[in-house]
Asks: 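Below is one structure. I have some questions about it.
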2 protein chains.
Amino acid sequence: MRLLLVEDEPQMADALATALHQYDIIADHAPTLDFARSAVAEHVHDMIVLDRQLPDGDGLALIRHLRSIGATVPVIVLTARGSLADRVSGLDLGADDYLSKPFALEELLARIRALMRRPAAVAPIVAKLGRLEFSLDNREARVAGKILDLPRRELLVLETLIRRQGRTVLRAALEEAVYAFDDEIQSNALDSHVSRLRKKLADAQAGVEIHGIRGVGYLLRPVA
Amino acid sequence: MRLLLVEDEPQMADALATALHQYDIIADHAPTLDFARSAVAEHVHDMIVLDRQLPDGDGLALIRHLRSIGATVPVIVLTARGSLADRVSGLDLGADDYLSKPFALEELLARIRALMRRPAAVAPIVAKLGRLEFSLDNREARVAGKILDLPRRELLVLETLIRRQGRTVLRAALEEAVYAFDDEIQSNALDSHVSRLRKKLADAQAGVEIHGIRGVGYLLRPVA
DNA sequence: TTGCGCGCAATGATGCCGTAATGTTGATCG
DNA sequence: CGATCAACATTACGGCATCATTGCGCGCAA
């Protein structure tokens, strides 16, 4: 486990580094954004702990940089600014966790452990299949940059299929993903959504098709 | 995206449910631990938002239950107890995030979005034989990464054979696995399925064959 | 109010599956 | 050793459940 610590205050950095050391976590220390950028270019880290307030800019710029080059490394953001808007914007920018100073070291370590546990820690934020791109972030489906305008239920169907990209989704599983307990259905409503979604995918030349497997379920796959 | 909300206060539950609705998240509501337990037993959720203080116990018991059965669903814990020890113990018990009340709805939603970004975990391949891979989880067979498009009954036959891989399966046992009590058959329907399945396995170059043993049953084995 | 999404239901198409006919294999016994 | 028969294999076929598609009307939301 190798971690990049981006923090300009020496005190905080030292305290963290020694604490991490006790958990057998290798910590690289970057005091500035610039340093951090070259660090991620040269090494692959399993996790990044990132202060927002750095001498040469806002730490979030690093997240933007990482995500733009497709890096999916988990990031925990530390900040003195504790405002709600800050936290929300940080999380929505791709941070996996957000902690306001002052915080207890123990809590940070626990949150690091929680992120470390996650097996497939990370995966691309946009899933691609055929000419279709689906952003898990804001749940937008695009073909050649153009947003597919899909109603709620159809979007849910597509989201579910693409999350299990390439794998079969049992009919019952799809139904569960789209309907809650109390708005169960007693018709082939699901089929209609699939059908309408198929038409839209075809019209948009998405390069994917929803393949039905009789008696089993559905499968999203690139068109032959 | 389907979420289980475990929360006993109706106010909080309602507020969350309507907020989630706007994000096209299907939310099931469980007011008690007991209810939550049966909900996770019957349905598969992509995420769980869990209050610790419930009428019939500590919410963390649900996490323990989930992890003990191997479920890796992400969990966000909500709590009125804001002590450091609580947060750390919650995280170390398998929670993915931990939020102390009172919190802003916006922040919870942002943290939900952060967890949602990750796609569903890949289903483990439990069985491999020859060039054939079979995932018991979502019941699909692959050869060289490509899904074999098999109808229900043939899938059942293959699943049964591969579960007992290497060992012979009595004809009667295979029949029981493929047919329920009430839809018994009076012909060699099973033979036809085996035959059709054989053809598909051969066409796909699966590297396995169904070997028939006269008077006994069948056996799935790698092709010589 | 006006649209649009959604559940519903009717209709048409598809292809799975049980049946049975026919061919093939292998064991048993004269 | 070969005749015989039972067990298994394969294939065609038709019924019918399942799926696909589409129009309709209700209801919610702008």
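The structure displayed is predicted, hence computed values, not measured ones. So that the names make sense, note that chain A is the first sequence line, chain B the second, and so on, each numbered from 1.
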Asks: In whole angstrom, what separates Asp191(A)'s CG from dC8(C)'s P?
Replies: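 Taking CG of Asp191(A) and P of dC8(C), I get 12 Å after rounding.
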Asks: Please list, pair by pair, any protein nitrogen or oxygen found under 3.5 Å from a nitrogen or oxygen in nucleotides 27-30 of chain D.
Replies:
none

Asks: Evaluate the salt bridge (Lys or Arg N to Asp or Glu O under 4.0 Å) criterion for residues Asp191(A) and Arg196(A): first the C-alpha distance (whole Å), next the side-chain angles of each, then the deciding distance (0.1 Å), finally the verdict.
Replies: CA-CA 9 Å; Asp191(A) 300 61; Arg196(A) 287 189 266 256; over 6 Å; no
Asks: Does the plane of the ring in His45(B) sit parallel, tilted or perpendicular to the ring in Phe181(A)? Use 30° and 60° as the thresholds.
Replies: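 Ring orientation, 0 to 90° scale: perpendicular.
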Asks: Please report the distance, rounded to the nearest Å, between CD1 in Ile213(A) and C1' in dA20(D).
Replies: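 From Ile213(A) CD1 to dA20(D) C1': 16 Å.
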Asks: What is the separation between atom CG on Asp203(B) and atom P on dT10(D), rounded to the nearest whole Å?
Replies: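 Those two atoms, CG and P, are 12 Å apart.
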Asks: Can you measure Leu156(B) atom CG to dC16(C) atom P for me and round it to whole angstrom units?
Replies: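 In whole Å, dC16(C) P lies 14 Å from Leu156(B) CG.
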Asks: Assess the side chains of His29(B) and Asp182(A): does a donor N or O sit below 3.5 Å from an acceptor N or O?
Replies: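 Checked: His29(B)/Asp182(A) side chains show no N/O donor-acceptor pair below 3.5 Å.
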Asks: Round to the nearest Å and state the distance from Glu154(B) atom CD to dT10(D) atom C1'.
Replies: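 Computing the Glu154(B):CD to dT10(D):C1' distance gives 13 Å.
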Asks: Tell me whether the side-chain N/O atoms of Ser195(A) come closer than 4.0 Å to OP1 or OP2 in dT21(D).
Replies: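 Ser195(A) to dT21(D) OP1/OP2: side-chain N or O found under 4.0 Å.
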Asks: Between Asp97(B) and Arg111(A), does a salt bridge (Lys or Arg N to Asp or Glu O under 4.0 Å) hold up when you go through it step by step?
Replies: CA-CA 8 Å; Asp97(B) 206 336; Arg111(A) 287 185 182 272; 2.7 Å; yes
Asks: Between Leu148(B) and Val143(B), is there a side-chain heavy-atom distance shorter than 4.5 Å?
Replies: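 Yes, side chains in contact.
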Asks: Quick one, Arg142(B) with Glu140(B), criterion salt bridge (Lys or Arg N to Asp or Glu O under 4.0 Å). Give me CA distance, side-chain angles, the key distance, then yes/no.
Replies: CA-CA 7 Å; Arg142(B) 290 173 187 265; Glu140(B) 68 186 16; 3.1 Å; yes
Asks: Kindly indicate whether the side chain of Thr18(B), heavy atoms from C-beta on, has any atom under 4.5 Å from the side chain of Asp14(B).
Replies: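 The answer is no, as the side chains (C-beta and beyond) never meet within the 4.5 Å cut-off.
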Asks: Does a side-chain N or O from Tyr218(A) land closer than 4.0 Å to OP1 or OP2 of dT18(D), or not?
Replies: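 Checking dT18(D) against Tyr218(A), no side-chain N or O comes under 4.0 Å of OP1 or OP2.
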Asks: Nucleotide by nucleotide, 5' to 3', does protein get under 4.0 Å of the base (B), only the sugar-phosphate (S), or neither (-) in nucleotides 18-30 of chain C, counting heavy atoms?
Replies: BBBB---BS----
Asks: Return the value, rounded to whole Å, for the distance between atom CG of Leu174(A) and atom C1' of dT18(D).
Replies: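 My rounded result for the distance is 16 Å.
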Asks: Starting from C1' on dA13(C), measure out to CZ on Arg198(A) and report it in whole angstrom.
Replies: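 Between C1' of dA13(C) and CZ of Arg198(A): 13 Å.
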Asks: Determine the minimum heavy-atom distance between Leu20(B) and Ala27(B), stating which atoms define it.
Replies: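 In terms of heavy atoms, the two residues are closest at CD1-CB, 4.0 Å.
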Asks: How close or far is atom C1' of dG5(C) from atom CG of Leu158(A), stated in whole angstroms?
Replies: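 Result: 17 Å.
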Asks: Would you kindly say whether Ser135(A) and Asn138(A) are connected by a side-chain donor-acceptor distance under 3.5 Å?
Replies: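 Side chains of Ser135(A) and Asn138(A): pair found under 3.5 Å.
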